[in-house]
Colleague: 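For reference, the structure I am asking about is given below.
All heavy atoms count here, side chains included; hydrogens, waters and symmetry mates do not. Chain naming here is simple, since letters A, B, ... match the order of the sequence lines and numbering starts at 1 in each.
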Amino acid sequence: MAQTSEERTYRERVLEVVRAIPRGKVTNYGTVALLAGYPRTARQVGAVLYGLRDSDTDVPWQRVVNAQGGISTFKVGSGELQVALLEAEGVEVVDRRVDMDRYGWDPGLAWAERQPK
DNA sequence: CGTCTGACGCACC
DNA sequence: GGGTGCGCCAGAC
């Protein structure tokens, strides 16, 4: 199985990046897409996370918010849960929003390069 | 194949 | 600060 893994699915790449988000920090959909190697696919990142199942407990999806620091999941009914999970790890959520200057995480493209494919 | 959709982002007003 | 419009593109049909 050496080289068949050459092309991981889009979904796998996205989840890898999300798993790399430090506890107590958050990032946005666009950044996840960029780090995953798929620029401009922020919406697809949301689609992937939407498809997560309860068994995917190792994916800290709550650490992904929109570019304005807002909780986008209220729109699909899991907003309250996301807020609870974030506050549980020390991230303050004021008026359904997170202060990106304080909690934002963005390692930059160099980080993505260092990640093993 | 062609179309539609949307946990987004950004330019504009 | 808020609201609207439109481009984006992988996946579902």
Colleague: Got A/Leu49 and A/Tyr29 here, is their nearest side-chain heavy-atom distance under 4.5 Å?
Modeller: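 In short, these two side chains touch, coming nearer than 4.5 Å.
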
Colleague: According to side chain to side chain contact (heavy atoms under 4.5 Å, CB included), who are the partners of A/Ala20, at least two apart in sequence or on a separate chain?
Modeller: A/Trp105, A/Trp111

Colleague: Distance alone, cut at 3.5 Å: any donor-acceptor contact between the side chains of A/Tyr10 and A/Thr41?
Modeller: yes

Colleague: Which is true for A/Tyr10 with a 4.0 Å heavy-atom rule: it touches a base, it touches only sugar-phosphate, or it touches nothing?
Modeller: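 The answer is sugar-phosphate, as A/Tyr10 gets under 4.0 Å only of primed atoms, P, OP1 or OP2.
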
Colleague: Identify whether any heavy atom of A/Thr41 sits under 4.0 Å from a base atom; if not, whether one sits that close to sugar-phosphate; answer base, sugar-phosphate or nothing.
Modeller: sugar-phosphate

Colleague: Name the atoms and distances for all side-chain donor-acceptor pairs under 3.5 Å in residues 51-58 of chain A, with sequence neighbours left out.
Modeller:
{"unit_1": "A/Asp56", "atom_1": "OD2", "unit_2": "A/Arg53", "atom_2": "N", "d": "2.8"}
{"unit_1": "A/Asp58", "atom_1": "OD2", "unit_2": "A/Arg19", "atom_2": "NE", "d": "2.8"}
{"unit_1": "A/Asp58", "atom_1": "OD2", "unit_2": "A/Arg19", "atom_2": "NH2", "d": "3.4"}

Colleague: Who are the salt bridge (charged side-chain N to carboxylate O under 4.0 Å, His left out) partners of A/Glu87, not counting sequence neighbours?
Modeller: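 Residues passing salt bridge (charged side-chain N to carboxylate O under 4.0 Å, His left out) with A/Glu87: none at all.
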
Colleague: Any side-chain heavy atom of A/Val64 within less than 4.5 Å of one from A/Asn28?
Modeller: no

Colleague: Going by the rule side chain to side chain contact (heavy atoms under 4.5 Å, CB included), which residues pair with A/Arg40 if we only count those two or more places apart in sequence or in a different chain?
Modeller: none

Colleague: Can you name the nearest heavy-atom pair linking A/Ala42 to A/Ala33, along with the distance?
Modeller: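 Looking at all heavy atoms of both residues, the closest pair is N-CB, 3.9 Å.
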
Colleague: Which residues in residues 87-111 of chain A have a heavy atom closer than 4.0 Å to any atom of DNA chain B?
Modeller: none

Colleague: Quick one: list whatever passes ring-ring contact (aromatic ring centres under 6.0 Å, His included) with A/Tyr103, sequence neighbours left out.
Modeller: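 Checked A/Tyr103 against ring-ring contact (aromatic ring centres under 6.0 Å, His included); zero matches.
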
Colleague: First and last nucleotide of DNA chain C in contact with chain A, 5' to 3', at under 4.0 Å to a heavy atom: what are they?
Modeller: C/dG7 to C/dG11

Colleague: Return a single string for nucleotides 8-13 of chain B, one symbol per nucleotide in 5' to 3' order, where B is base contact, S is sugar-phosphate-only contact and - is none, cutoff 4.0 angstrom on heavy atoms.
Modeller: BS----

Colleague: Write out all pairs satisfying salt bridge (charged side-chain N to carboxylate O under 4.0 Å, His left out) with one or both partners inside residues 98-107 of chain A, taking only residues at least two apart or from two chains.
Modeller: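 Qualifying pairs: A/Glu92-A/Arg102.
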
Colleague: Can you list the residues that meet the side chain to side chain contact (heavy atoms under 4.5 Å, CB included) rule with A/Glu89, with sequence neighbours excluded?
Modeller: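 With sequence neighbours excluded, A/Glu89 shows a side chain to side chain contact (heavy atoms under 4.5 Å, CB included) to A/Arg23, A/Gln62, A/Arg63, A/Val91, given in chain and number order.
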
Colleague: Starting at the 5' end of DNA chain B, write a dot or bracket for each base, bracketing those in Watson-Crick or G-U wobble pairs whose two distances are under 3.5 Å and using | for partners on another strand.
Modeller: .|||||.||||||

Colleague: Just to verify, what does A/Phe74 make a side chain to side chain contact (heavy atoms under 4.5 Å, CB included) with, not counting sequence neighbours?
Modeller: A/Ile71, A/Glu80, A/Val83, A/Arg96

Colleague: Side-chain contact test, heavy atoms from C-beta onward, threshold under 4.5 Å: evaluate it for A/Met100 versus A/Val65 and give yes or no.
Modeller: yes

